[in-house]
J.: 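I am attaching a structure below and will ask some questions about it afterwards.
Here is how names work: the chains are called A, B, and so on, in the same order as the sequence lines, proteins then strands, and each is numbered from 1.
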Number of protein chains: 2
Amino acid sequence: MRRTKEESEKTREDLLNAAVRIFSEKGVARSTLDEIAKAAGVTRGAVYWHFENKTQIFEALHERLHRPFVDMILEDLEKDHPEPMVQLRDLCIQIMLDLEKDEQRQQTLILFFMKSDYSGDLAPYKDKHREKKAESMRLFKRYIEKAKKAGKLNTQADPELLTQCISCFMKGILFEYLDNPEGFDIENKAPKLINLFFNTLELEKN
Amino acid sequence: MRRTKEESEKTREDLLNAAVRIFSEKGVARSTLDEIAKAAGVTRGAVYWHFENKTQIFEALHERLHRPFVDMILEDLEKDHPEPMVQLRDLCIQIMLDLEKDEQRQQTLILFFMKSDYSGDLAPYKDKHREKKAESMRLFKRYIEKAKKAGKLNTQADPELLTQCISCFMKGILFEYLDNPEGFDIENKAPKLINLFFNTLELEKN
DNA sequence: GTTTAACCATACATTTATGTATGTATGATG
DNA sequence: CATCATACATACATAAATGTATGGTTAAAC
């Protein structure tokens, strides 16, 4: 039954949404194209029409995760905040709070952090995804460099180390949350944890 | 070819060692019992003799990871250190430095953190492993409670929150390191990062 | 020194997912 | 309105992994 272009595009979206859910639940390897298709209300025929194979679905999902994240930070960096470190802190808190409401994003993060073996057909994407991550790390670093230029940080402070420090901490919170979303009250704890953490960096001023 | 008991036990160990390597490289789902067997220099017959199936190998590996870790902390907690927070900090640093030399442990951590989908046959172990993790979290908490009792921490400091904070940070470092062991100079960075982090908690004294 | 059973290899049956080939109905296009 | 390509569904062929059954050799027990 030939569909209209809008319907076709919807099928594609349905497939991607279904894939996120299935992948994040069972991992990429254990997920079947058949159950993804069924979860989207179609058959494997539709899958092979829209995508080459499972790997291509995987890659399409990563784009859908990373692009908006980078755009959000880039937009935030445009603003001329007087206290870059406070701006960064608030951004970190906001990222966590936003995450709670966006179940799609949660599942996609679970998928790429914890359910991707990056072996076999997926192996080539390991480096590619790592490079994308490095890109967002550089964006974080720009906050710290701005702060240092504005004299808001100790002159001895190492932007590279601070960036890594923040990245580690954020990733840790992410993992603890994603590992058990119901047991981790992120709305309450994330601000507390992040505020507590950023107090360290305030020390660097002196 | 009937082997002696010692030889039999060695094949079992060989199989577990091979499984760590294969699992951590390809993920549990994509790993074949046949390649594990071949990597251990035997056939699938040996695998099915020593283990029920792939799941049982998986579980055996978790025991081998968790037990020594808990024992190490328990032993450390016995010592009567005058500054529990310093003791905890040094423990954290030591954990990271030890990890660099122990490739088996690295691979096992990669396996359980990043390559375990916990679906299908592995699903029942998700809660079990989470409980084991909660156990080690409680051990970390005991350092902080000791510090608070000794008046080394602010009376308002929340041990639960501090424990979570440290756990998040440590996990973050672990992930960043395991994600790219060659690119992350842990011997150099881990002490710096952890020292920087624990300065926050020192603030809690005031 | 037999006998037994542990330890493993080999062979086979079954299952399950993938890829592809083909069928088919319909929206789009002239 | 004829036809053509799109958007799928269906069917099949292939491959790969699992579980099991069976066979063989030799430590170990008596």
Side-chain angles (χ1 to χ4, degrees), chain A residues 1-19 21-61 111 115-117 119-125, chain B residues 1-19 21-23 25-61 115-117 119-125:
Chain A
M1 303 172 184
R2 168 92 149 92
R3 303 294 162 77
T4 171
K5 281 185 183 176
E6 293 79 35
E7 283 175 323
S8 170
E9 184 56 31
K10 186 185 179 304
T11 320
R12 198 190 123 97
E13 285 301 311
D14 287 347
L15 282 171
L16 285 178
N17 291 334
R21 209 157 46 78
I22 307 287
F23 280 169
S24 68
E25 280 173 12
K26 316 184 58 174
V28 179
R30 291 182 116 94
S31 298
T32 301
L33 293 184
D34 186 57
E35 56 183 340
I36 291 177
K38 275 179 181 160
V42 289
T43 69
R44 264 173 55 245
V47 175
Y48 278 103
W49 174 257
H50 286 286
F51 305 95
E52 251 183 77
N53 47 35
K54 196 155 72 171
T55 308
Q56 294 306 314
I57 302 181
F58 179 75
E59 184 55 10
L61 289 179
L111 162 57
K115 302 297 177 78
S116 296
D117 48 70
S119 76
D121 297 336
L122 273 55
Y125 296 99
Chain B
M1 303 171 184
R2 167 88 152 98
R3 303 292 163 77
T4 171
K5 281 185 182 177
E6 293 78 35
E7 283 175 323
S8 169
E9 184 56 29
K10 185 186 180 307
T11 35
R12 198 191 123 96
E13 285 301 311
D14 288 347
L15 282 170
L16 285 178
N17 290 335
R21 210 158 45 78
I22 307 286
F23 280 167
E25 279 172 14
K26 317 186 54 174
V28 179
R30 291 182 117 96
S31 299
T32 301
L33 293 185
D34 186 56
E35 55 183 341
I36 291 177
K38 275 178 181 159
V42 288
T43 68
R44 266 174 52 246
V47 175
Y48 279 101
W49 174 256
H50 286 286
F51 305 96
E52 248 183 79
N53 46 36
K54 198 156 70 170
T55 308
Q56 294 306 312
I57 302 180
F58 179 75
E59 185 54 11
L61 289 179
K115 302 296 177 76
S116 295
D117 49 69
S119 75
D121 296 337
L122 272 56
Y125 295 100

J.: What is the distance, to the nearest angstrom, from the NZ atom on K26(B) to the C1' atom on dA17(D)?
T.: 12 Å

J.: Are side-chain heavy atoms of D14(B) and K10(B) found at a separation under 4.5 Å?
T.: yes

J.: Are K115(A) and V28(A) packed together at the side-chain level, in the sense that at least one heavy-atom pair is separated by less than 4.5 angstrom?
T.: no

J.: Could you check whether any side-chain heavy atom of H50(A) comes within less than 4.5 Å of a side-chain heavy atom of L15(A), counting everything from C-beta outward?
T.: yes

J.: Mind calculating the distance between CD (E13(B)) and P (dC7(C)) to the nearest angstrom?
T.: 14 Å

J.: Between W49(A) and dA7(D), is there a contact of a side-chain N or O with OP1 or OP2 at under 4.0 Å?
T.: yes

J.: Without decimals, in angstroms, what is the distance between D14(B) CG and dC7(C) P?
T.: 15 Å

J.: Report, one pair per line, the protein and nucleotides 18-21 of chain C atoms (nitrogen or oxygen only) whose separation is under 3.5 Å.
T.:
| from | atom 1 | to | atom 2 | distance (Å) |
| --- | --- | --- | --- | --- |
| dT18(C) | OP1 | K54(A) | NZ | 3.4 |
| dT18(C) | OP2 | L33(A) | N | 3.4 |
| dG19(C) | OP2 | Y48(A) | OH | 2.5 |
| dG19(C) | N7 | R44(A) | NH2 | 2.5 |
| dG19(C) | O6 | R44(A) | NH2 | 2.9 |

J.: Does the side chain of T43(A) get closer than 4.0 angstrom to OP1 or OP2 of dT10(D) through an N or O atom?
T.: no

J.: Given dC8(C), dC8(D), dA29(D), which nucleotide is nearest the side-chain atoms of K5(B)?
T.: dA29(D)

J.: Roughly how many Å is it from NZ in K10(A) to C1' in dA7(D), rounded to a whole number?
T.: 15 Å

J.: Looking at dT6(D), I'd like to know if its phosphate oxygens (OP1 or OP2) sit under 4.0 Å from a side-chain N or O belonging to S8(A).
T.: no

J.: Can a salt bridge be assigned to the pair R30(B) and E25(B) using a cut-off of 4.0 Å between side-chain N and carboxylate O?
T.: no

J.: In whole Å, what is the span from the CD atom of E6(A) to the P atom of dC8(D)?
T.: 12 Å

J.: Choosing from dC8(C), dA9(D), dG27(C), which nucleotide comes nearest the side chain of H50(B)?
T.: dC8(C)

J.: Any side-chain N or O of T11(B) under 4.0 Å from OP1/OP2 of dC7(C)?
T.: no

J.: To the nearest Å, give me how far apart CD1 (I36(B)) and P (dC8(C)) are.
T.: 16 Å

J.: Would you name the heavy atoms of F58(A) and Y125(A) that are closest together and state the gap between them?
T.: CE2-CB, 4.4 Å

J.: Starting from P on dT6(D), measure out to CD on E9(A) and report it in whole angstrom.
T.: 15 Å

J.: Which whole-number value in Å describes the distance from K38(B) NZ to dA9(C) P?
T.: 12 Å

J.: Verify whether one side chain among T32(A) and D34(A) offers a donor that lies under 3.5 Å from an acceptor in the other.
T.: no

J.: Can you see which heavy atom on V47(A) is nearest to which on A37(A), and at what distance?
T.: CG2-CB, 3.8 Å

